[in-house]
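Computed over heavy atoms, backbone and side chain alike; hydrogens, waters and symmetry mates excluded. Sequence lines set the chain letters: A, B, ... in the order given, protein chains first and strands last, and positions in each chain run from 1.
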Amino acid sequence: MPELPEVEVVRRGLADHVVGRRITAASFTGARVARRHIPGPVDLAHRITGLEVTQARRRGKYLWLVLSEDGHPVHGLIAHLGMSGQLLVEPADAPDEKHLHARFTFADGDPELRFVDQRTFGGFALDDLADDGVPHQIRHIAPDPFEPVYDQAAVVRRIKASDSAIKRMILHQGVVSGIGNIYADEALWRARVHGERPSSSLTKPTIARVLEHAREVMAAALVQGGTSFDALYVNVNGASGYFDRSLHAYGQEGRPCARCGTPIRREQFMNRSSFSCPQCQTRPRVRRRAG
DNA sequence: CGCTAGACCTGACGGC
DNA sequence: TGCCGTCAGGTCTAGC
């Protein structure tokens, strides 16, 4: 569910409500929520107990809490929200949620931090931090468009060199991170490019425009607290964003394109739905084949 | 190497 | 009312 803007809203909540506090206990309700931590949930809980949260960081859709001892960073507690994960800051006496999977308590008492995840595609892992402060386990995730180390010219070159569809490339978290199905469709609509166009057939300025639109639409969504269609996506206080009102393509099947009035179409691509304007975003003429 | 399909889960919704 | 199929914001991997 959550893409970069929604995850950034959560990161800011963690920065406001969790950074600066010392963990006194952690519990995980099962192995699945800690499946990325090979030694298991008990080891994970044991190893973070007593450490202080000194930073809340994010790359793309991945979050991590920098955990320190005596002021020195020792670990990164990686969190991914998957499709339905929520990190909630709540009083300890709030009733347990149906899909509560983790609980963290702190030396200064209330509030505690909870991880609630209906589908448990999300979860936690503990890892060391590399020299640049990024946990080793997410080294394969490329910088997102809001990071200082993001090199758009390099991303454009890499995409231009690929014969893959442009939508596949901007969804590829190893090329550029943070973009998911919603913002991919919105960026492509804004750039008037059909997602199945082979990347190599696009000019570098066009590829750059797609990426710039992706960054802009995510920045606009962030201002509005992210995109939420229902109660599944919320910030750490349980509140929803309202960028869904500003979507032009995603989920808009049959509604008139805001530019030309043509009904937005829905197609299957990469085993998921894609939304686009048939008039503004013409399909590639031929599906190229090797040979 | 790149791509596809499938797996991992639960719940909401529409049709019958 | 229930049953069944479909769909959902993500990621990972087995197998071509």
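A salt bridge is absent between A:E212 and A:R215; no separation between the charged side-chain nitrogens and carboxylate oxygens falls under 4.0 Å. Between A:R12 and A:E8, at least one side-chain nitrogen of the basic residue sits less than 4.0 Å from a carboxylate oxygen of the acidic one, meeting the salt-bridge criterion. The pair A:D185-A:K167 meets the salt-bridge criterion, since a charged nitrogen lies less than 4.0 angstrom from a carboxylate oxygen. Salt-bridge formation is detected for the pair A:D144/A:R58: a Lys NZ or Arg NE/NH1/NH2 atom is positioned less than 4.0 Å from an Asp or Glu carboxylate oxygen. The pair A:R168-A:D163 does not count as a salt bridge, with every side-chain nitrogen at least 4.0 angstrom from each carboxylate oxygen.
Remark: A:H46 NE2 is loosely packed, at most 12 non-hydrogen atoms of other residues, nucleotides or ligands lying under 6.0 Å away.
Ranked by how close their nearest DNA chain B nucleotide is to the 5' end, A:K98 and A:R32 are led by A:R32. The residue among A:Q268 and A:R272 whose nearest nucleotide of DNA chain C is located toward the 5' end is A:Q268.
For B:dG11, one of the phosphate oxygens OP1 or OP2 lies less than 4.0 angstrom from a side-chain nitrogen or oxygen of A:H99. Side-chain nitrogen and oxygen atoms of A:S273 include at least one within less than 4.0 Å of the OP1 or OP2 phosphate oxygen of C:dA8. The phosphate of C:dT11 (OP1 or OP2) has a side-chain N or O of A:H80 nearer than 4.0 angstrom. Applying the 4.0 Å criterion to OP1 and OP2 of C:dG9, one finds that A:K61 has every side-chain N and O outside that range. Using a 4.0 Å cut-off, no side-chain N or O of A:Y183 falls inside it from OP1 or OP2 of C:dG9.
For the pair A:I179 CD1 and C:dT11 C1', the interatomic distance rounds to 16 Å; values are reported in whole Å. The distance between atom CG of A:L4 and atom P of C:dG10, rounded to the nearest whole Å, is 11 Å. Rounded to an integer number of Å, the gap from A:Q86 CD to C:dA8 P is 20 Å. Look at CD on A:Q173: it is 5 Å from P on C:dT11, rounded to the nearest Å. Summarising the geometry, the separation between CG on A:D117 and P on C:dA8 is reported as 18 Å, rounded to the nearest angstrom. For the pair A:E253 CD and C:dA8 C1', the interatomic distance rounds to 15 Å; values are reported in whole Å. Atoms NE2 (A:H101) and P (B:dC9) sit 11 Å apart, rounded to a whole Å. Separating the CD atom of A:E6 from the P atom of C:dA8 is a distance of 16 Å, rounded to the nearest angstrom.
Stretches of at least 3 consecutive Watson-Crick or G-U wobble pairs, with each checked distance under 3.5 Å, appear in DNA chain B as B:2-8 with C:10-16, B:10-16 with C:2-8.
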Margin query: Does A:S84 form a side-chain hydrogen bond (donor to acceptor under 3.5 Å, both in side chains) with A:R119? I'd like the steps, not just the answer.
Written below: CA-CA 6 Å; A:S84 54; A:R119 297 171 73 180; 5.2 Å; no

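Between C:dG10 and B:dC1, the two P atoms lie 25 Å apart (nearest whole Å). Rounded to whole Å, the separation between the P atoms of C:dT13 and B:dC9 comes to 15 Å. Going from the P atom of B:dA7 to that of C:dG5 covers 15 Å, rounded to whole Å.
Applying the 5.5 angstrom centroid cut-off and the 30 degree plane-angle cut-off, the aromatic ring of A:F121 is not stacked upon the base of B:dC9.
Looking at A:K61, its side chain never comes within 3.5 Å of a backbone N or O of A:S177 through a donor-acceptor pair.
A donor-acceptor contact under 3.5 angstrom links the side-chain atoms of A:R119 to the base of C:dA8.
Nucleic acid contact class of A:S162 (heavy atoms, under 4.0 Å, all strands): none. Within the 4.0 angstrom heavy-atom criterion, only backbone atoms of the sugar-phosphate kind lie near A:R36; the bases stay farther away. Here A:H172 lies out of heavy-atom contact (under 4.0 Å) with every strand. Base contact: A:N271 has a heavy atom under 4.0 Å from a base atom.
Tracing side-chain contacts under 4.5 Å through hydrophobic residues (I, L, V, M, F, W, Y), one reaches A:L81 starting from A:F28; they form part of the same cluster.
Set against C:dT11, B:dT4, C:dG9, the side chain of A:Y62 has C:dT11 as its closest nucleotide.
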